[in-house]
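Below is one structure, written out as structure tokens, with a few remarks after it.
Note on naming: letters A, B, ... go to the chains in the order of the sequence lines (proteins, then strands), and numbering restarts at 1 for each one.
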There are 2 protein chains.
Amino acid sequence: MTGELTLEQSGDESIDYGPLSNSLGFLLRIAQLRNFDQFYSRLGDSGLRPGEFSVMWLIYLNPGIRQGQLGRILSIKPAHMTKVVRRLEDLGRLERRIPEEDRRSVRLSLTDKGRHFVQAHEADFFGEDSYHNHGLTQKETETFIRLLRKYGGFTA
Amino acid sequence: MTGELTLEQSGDESIDYGPLSNSLGFLLRIAQLRNFDQFYSRLGDSGLRPGEFSVMWLIYLNPGIRQGQLGRILSIKPAHMTKVVRRLEDLGRLERRIPEEDRRSVRLSLTDKGRHFVQAHEADFFGEDSYHNHGLTQKETETFIRLLRKYGGFTA
DNA sequence: TATTGTTATACTCTATAACTATA
DNA sequence: TATAGTTATAGAGTATAACAATA
């Protein structure tokens with residue numbers, strides 16, 4: 001719900017952007033807003049937040065992952081991670097387990113309810129990436145993904 | 001300061017991302033974090049915030065722009081726009097003017113101090129976009145910009 | 001001593017609704 | 001009635017520092 005009509009509004013005079021219109025920071029923000037709009041129109045009704053599905057998804061694929069490692073992967077700081085995990089625990093979607101091998105750490109896994117939630121919304125979440133749902137062609141989408149990965153230093 | 005070591009940490013086990021590693025939302029977030037890191041390492045000392053330079057820049061190029069139009073362009077909601085403008089006014093960087101033609105509206109322009117600030121940090125801000133400062137080649141950068149603009153529906 | 005996670009706190013950004021003043 | 005901007009309030013995300021438990 002961040003407004004798809006950000007640009008080219010009715011009564012507004014046209015303005016000069018200068019190099020801002022080719023600035024990566026500016027364009028990344030616009031692209032992310034567009035992506036959020038997609039997310040909310042697909043998954044907003046479920047009460048899910050943009051970052052929350054990624055958390056559940058990685059626990060889904062990697063049950064028993066340590067909270068700290070998950071936070072580092074998603075660039076979520078430890079203090080915030082505690083809140084995110086507690087919320088999902090309160091919703092009955094994940095379980096915390098203190099392992100014997102290192103009793104300082106917390107290992108996370110989904111409950112049955114959490115797994116069902118992920119399975120129920122998987123298609124909607126990843127459907128955003130389909131080239132049918134944004135202006136890019138399939139080939140452009142592949143290039144876009146490759147460049148986003150390279151720019152972000154993401155090699156996994 | 002969002003951590004350049006997000007991925008590939010020392011003691012962490014490697015994990016399975018599944019299709020998340022090619023998800024646009026996920027990759028856009030990583031790319032934006034990387035961009036913020038660049039921003040803070042270049043402009044953090046000036047006390048500037050990521051969105052704030054864009055606001056000043058557009059006023060710099062379009063003196064007298066209306067506050068509402070500026071907000072729509074940058075997807076900043078009216079309520080937040082008031083705060084942003086007030087802060088810049090308190091810092092002595094911009095001036096608000098109520099025009100005779102429509103006394104409900106506010107027209108914004110930079111003060112001398114604001115213009116000098118923009119000129120002093122312009123090179124640092126736009127320098128982030130140089131292909132020397134991220135892993136992409138010049139050609140890849142051009143493609144990246146084109147695809148970001150297309151994905152975001154930005155035509156200006 | 002170092003590490004894992006928690007608590008407490010604060011600030012930014014965002015979102016909404018009620019309000020004013022002007023049109 | 002509608003529009004431009006303001007005020008007030010709340011929530012989400014992020015940042016830091018101090019802390020407890022464990023290694």
Could you tell me the separation between the [atom1] atom of [X] and the [atom2] atom of [N], rounded to a whole number of Å?
X       : N       : atom1 : atom2 : value
Y40(B)  : dT16(D) : OH    : P     : 10 Å
D102(B) : dG5(D)  : CG    : C1'   : 11 Å
F36(B)  : dT14(D) : CZ    : P     : 10 Å
I98(A)  : dT4(C)  : CD1   : P     : 14 Å

Query raised in the report: Quick one: bend of the helix from dT1(C)-dA23(D) to dA23(C)-dT1(D) from 5 pairs per end, to 10°?
Result: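 Answer rounded to 10°: the end axes differ by 10°.
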
Query - Comparing V84(A) and R103(A) on DNA chain D - which has the more 5′ nearest nucleotide - result: V84(A)

Determine all donor-acceptor pairs shorter than 3.5 Å in which one atom belongs to a side chain in residues 138-145 of chain B; sequence neighbours excluded.
| from | atom 1 | to | atom 2 | distance (Å) |
| --- | --- | --- | --- | --- |
| E140(B) | OE1 | K150(A) | NZ | 2.9 |
| E140(B) | OE1 | T137(B) | N | 3.0 |
| E140(B) | OE2 | R146(A) | NH1 | 3.1 |
| E140(B) | OE2 | K150(A) | NZ | 3.4 |
| T141(B) | OG1 | T137(B) | O | 2.7 |
| T143(B) | OG1 | K139(B) | O | 3.2 |

Requested in this report: Please identify each residue that fulfils side chain to side chain donor-acceptor pair (under 3.5 Å) with Q67(A), with sequence neighbours left out.
Outcome: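 Once residues adjacent in sequence are excluded, Q67(A) has no partner under the side chain to side chain donor-acceptor pair (under 3.5 Å) criterion.
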
Report task. Quick one: list whatever passes side chain to side chain donor-acceptor pair (under 3.5 Å) with R115(A), sequence neighbours left out. Result ->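 R115(A) satisfies side chain to side chain donor-acceptor pair (under 3.5 Å) with D112(A) once adjacent residues are dropped.
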
**Report entry** K77(B) side-chain N/O to dT14(C) phosphate OP1/OP2 under 4.0 Å
**Finding:** no

Query raised in the report: Counting only heavy atoms not in D45(A), do more than 12 sit closer than 6.0 Å to its CG atom?
Result: no

Query - Residue pair Y17(B), N22(B): steps toward the side-chain hydrogen bond (donor to acceptor under 3.5 Å, both in side chains) verdict - result: CA-CA 9 Å; Y17(B) 288 82; N22(B) 286 328; over 6 Å; no

Report summary line: Per-nucleotide protein contact along nucleotides 5-12 of chain C, 5' to 3', at a 4.0 Å heavy-atom cut-off (B base, S sugar-phosphate only, - neither), is SBBB---S

**Report entry** Gap separating the OG atom of S75(A) from the CG atom of L33(B), nearest 0.5 angstrom
**Finding:** 5.0 Å

Requested in this report: Check ring-ring contact (aromatic ring centres under 6.0 Å, His included) between H121(A) and all other residues, then give those that pass, not counting sequence neighbours.
Outcome: F117(A)

Query raised in the report: Any chance the side chains of Q119(A) and Y60(A) put a donor and an acceptor closer than 3.5 Å?
Result: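 Result is yes, a qualifying pair exists.
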
